[in-house]
Amino acid sequence: FTYINEQPLPSFMLGRISVDGWWTYFPLTLAVKTPLPLLLLTATGLLCGLYYRGWRKTSVLWLPPLAFMGLAMLGRFNIGYRHIIQVVPFLIMLASYSIQLPTLVREWQTNKTRGTRSADLGDLTDKPAGNHRTNMPSDADSILTVAGLILLAIWLVTTTIRLYPHYEAYFNEIVGGSKNGSEILVDSNIDWGQDLPALKGVMATLDIEEVKLAYFGTAVPEAYGIKYKPAPGFIRFTDGSEINAFNPYTPEPGWYAISVTSLRLGLVRQNFDIYEFFATREPVAKAGYSINLYEVTYPETMPTDQRIVTGKPVADMDPEELGLQPGERVIVKWTESSQITILSPAPAELPPEVKEMSVDFEGQFTLIGYRLGKSNFQPGESIELILFWQVGPNRVETPKPAMGNPLAAFVHLTGSDPSEIVAQYDGWGAALSTLETGDVVVQKVSLTIPEQASPGPYDLLAGLYSPQTSRRLQTIFAGELTDVVQLVVISIYGGD
């Protein structure tokens, strides 16, 4: 009862999306995903088997696949040919009866010539086999049968060789082959992330340094040497700052590699139209049959506007809510909460209560100041700190996007030894993909001093690091190369 009780997933068929499935899904899948030579032989074999053996004696071959198909058609779990793969061995066994086709044809011709009707396909009952085997196949019949089988075998082998190594994406000639497959079915019928190696090759051929990848699969793309930034896709990239910042209406310029399942089903479980911008466009190239490549560009004269969105994924907003105007490109800057703010363009000067600094971290960000209300605290109190980061000209590297966020800030409260961390903060909370050089990211940080903290002076330190590699960004501070900045010395008083 797996087919009936399984939790349904949205599925795609012939340009439509359904969360309830279609009873026609698996018959269509069987018809377009099974090689035509096998379908032809199965139909012929079924005809011969019923004629010579009857319904009852052949039921062991046609009844099980019929039952499997019936269960599949009753269910709502419409995601792939693999769920009816157990039908195929029975099709092959039924196909074996096709060897008797020449004999069957000769018998019909003989009966027609005699004006008799020794058998009728409308009366396929179990009859003694001897009643239908009065004429043995001639040499010409045998030659014809072997020739037919050889032709079908050549057809199948040729198709297989031509498709290598993209067997997952096989569709037969009924729908024009694999090149049209994604117009008919997606998910595991054509796309399980198997074309990442092909994507690497296409990127090299087209001299594409980096893509925004909407990937359908579980493998780690960076393991194939693909330089990319994540775009919304199932299963790996469904959440996070960069995903939530994706603007489906006027996506940022650059190269996009979008799997056909992502193209048709969006994030699969929600927001099916997230790639509508690309759905009507012809891809520049394809990696195998499951990943399309598009280049997004805009006219230099196209007007632009900026929107800062907090909390809500941009793709969940309609164009009116986003304030999108016809003929305009909206650049969205996204933050996860009110704890982080983006100032764009940067203010001419910082508020007077901000302690100004200029500490550059590898040209990616500069710590231009911080604000701290006081410098004396009791155990159990919270340190409320605001950091001001200005975006530099160098882009943040993302060597392992599947392994974590691209950037995080850390703040440590330590004793005289920096490794003795008393309290700490770690996080970021703003999408990096649409930040522009000069933008200022204002980050609110809160650290709670432990109740057991001893009185005395403590250093408040800050820095940046990559969660993907655990590497801290380097800077020059107080004339020395370091990976941490001392903001201020605070005092803890009271306690034990």
Side-chain angles (χ1 to χ4, degrees), residues 2-4 6-34 69 71-85 87 163 166-196 198-199 213-218 231-238 243 246 248 251 256-283 286-294 315-316:
T2 299
Y3 289 118
I4 299 175
E6 187 72 46
Q7 178 68 31
L9 287 172
S11 53
F12 172 89
M13 183 180 76
L14 297 173
R16 296 176 296 159
I17 296 173
S18 174
V19 294
D20 297 316
W22 302 272
W23 71 267
T24 55
Y25 182 89
F26 284 112
L28 174 70
T29 303
L30 187 70
V32 301
K33 288 285 290 179
T34 305
M69 289 297 295
L71 282 174
M73 292 163 65
L74 288 173
R76 297 183 294 167
F77 201 60
N78 295 170
I79 65 170
Y81 185 73
R82 61 194 173 95
H83 289 282
I84 55 168
I85 198 68
V87 168
L163 190 61
H166 306 291
Y167 303 127
E168 178 77 22
Y170 175 81
F171 283 79
N172 63 33
E173 291 80 357
I174 291 176
V175 293
S178 299
K179 62 185 174 65
N180 296 326
S182 65
E183 303 290 334
I184 314 300
L185 303 167
V186 291
D187 207 290
S188 61
N189 294 299
I190 191 171
D191 178 18
W192 257 10
Q194 75 276 7
D195 283 323
L196 288 178
L199 175 60
L213 178 62
Y215 167 58
F216 182 74
T218 59
F234 187 79
I235 299 173
R236 279 201 172 273
F237 305 120
T238 60
I243 303 305
F246 176 74
Y256 288 77
I258 304 174
S259 80
V260 293
T261 301
S262 297
L263 190 67
R264 306 298 182 195
L265 288 174
L267 284 173
V268 176
R269 295 184 184 274
Q270 74 272 0
N271 208 326
F272 305 137
D273 297 329
I274 197 168
Y275 290 113
E276 186 177 1
F277 177 92
F278 298 92
T280 57
R281 288 168 167 77
E282 282 295 319
K286 292 188 176 184
Y289 294 95
S290 71
I291 299 178
N292 293 348
L293 280 93
Y294 305 86
D316 290 345

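No hydrogens, no waters, no symmetry mates; every other heavy atom, side chains included, goes into these values. One-based numbering along the sequence shown. Note that this is a predicted model, so its numbers are computed, not measured.
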Please report, to 0.1 Å, the donor-acceptor pairs under 3.5 Å made by any side chain of residues 176-184, with sequence neighbours excluded.
from : atom 1 : to   : atom 2 : distance (Å)
S178 : OG     : A169 : O      : 2.8
S178 : OG     : F171 : N      : 3.4
N180 : ND2    : V175 : O      : 3.1
E183 : OE2    : R264 : NH2    : 3.0

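- Here the straight-line distance linking atom CD1 of I258 with atom OH of Y294 works out to 6.0 Å at 0.5 Å rounding.
- Minimum interatomic distance between G80 and F26 (heavy atoms only, all atoms of both residues): O-CE2, 3.3 Å.
- Between L28 and L185, the shortest heavy-atom distance links the atoms CD2-CD2, 4.4 Å.
- Residue R236 comes nearest to G217 through the heavy atom pair CG-O, 3.8 Å, listed as atom of the first residue, atom of the second, then distance.
- Under the salt bridge (charged side-chain N to carboxylate O under 4.0 Å, His left out) criterion, E276 pairs with no residue at all, not counting sequence neighbours.
- Residues forming a side-chain hydrogen bond (donor to acceptor under 3.5 Å, both in side chains) with S11 (at least two apart in sequence, or on another chain): none.
- We find the CD1-CZ distance between I235 and F216 to be 6.0 Å, quoted to the nearest 0.5 Å.
- If you take OG1 on T29 and CE on M13, they are separated by 8.0 Å, rounding to the nearest 0.5 Å.
- The aromatic rings of Y275 and F246 sit tilted relative to each other, their planes meeting at an angle between 30° and 60°.
- When all heavy atoms of T238 and G233 are compared, the closest pair comes out as CG2-O, 3.4 Å.
- Annotation: side-chain hydrogen bond (donor to acceptor under 3.5 Å, both in side chains) contacts of S188 (sequence neighbours excluded): R82.
- Contact of the W23 side chain with the L74 side chain is not registered, since no non-hydrogen atoms from C-beta on lie closer than 4.5 Å.
- With hydrogens and angles disregarded, a donor-acceptor distance shorter than 3.5 Å links the side chain of D191 to the backbone of T261.
- Distance check, rounded to the nearest 0.5 Å: CZ of F234 to OG1 of T218 gives 10.5 Å.
- Listed by first and then second residue, the salt bridge (charged side-chain N to carboxylate O under 4.0 Å, His left out) pairs that reach into residues 10-19 come to none, sequence neighbours excluded.
- Using bins of under 30°, 30° to 60° and over 60° for the plane-to-plane angle, the ring pair Y289/H166 lands in the perpendicular bin.
- With values rounded to the nearest 0.5 angstrom, F12 atom CZ is found 13.0 Å from N78 atom CG.
- We find the CG-CH2 distance between L14 and W22 to be 8.0 Å, quoted to the nearest 0.5 Å.
- Taking every heavy atom of both residues into account, I274 and A315 meet most closely at CD1-CB, 3.7 Å.
- Here the shortest heavy-atom pairing between V260 and V186 reads O-CG1, 3.9 Å.
- Partners of Y25 under the side-chain hydrogen bond (donor to acceptor under 3.5 Å, both in side chains) rule, at least two apart in sequence or in another chain, are N189.
- One N or O on the side chain of N172 and one on the backbone of T34 form a donor-acceptor pair closer than 3.5 Å.
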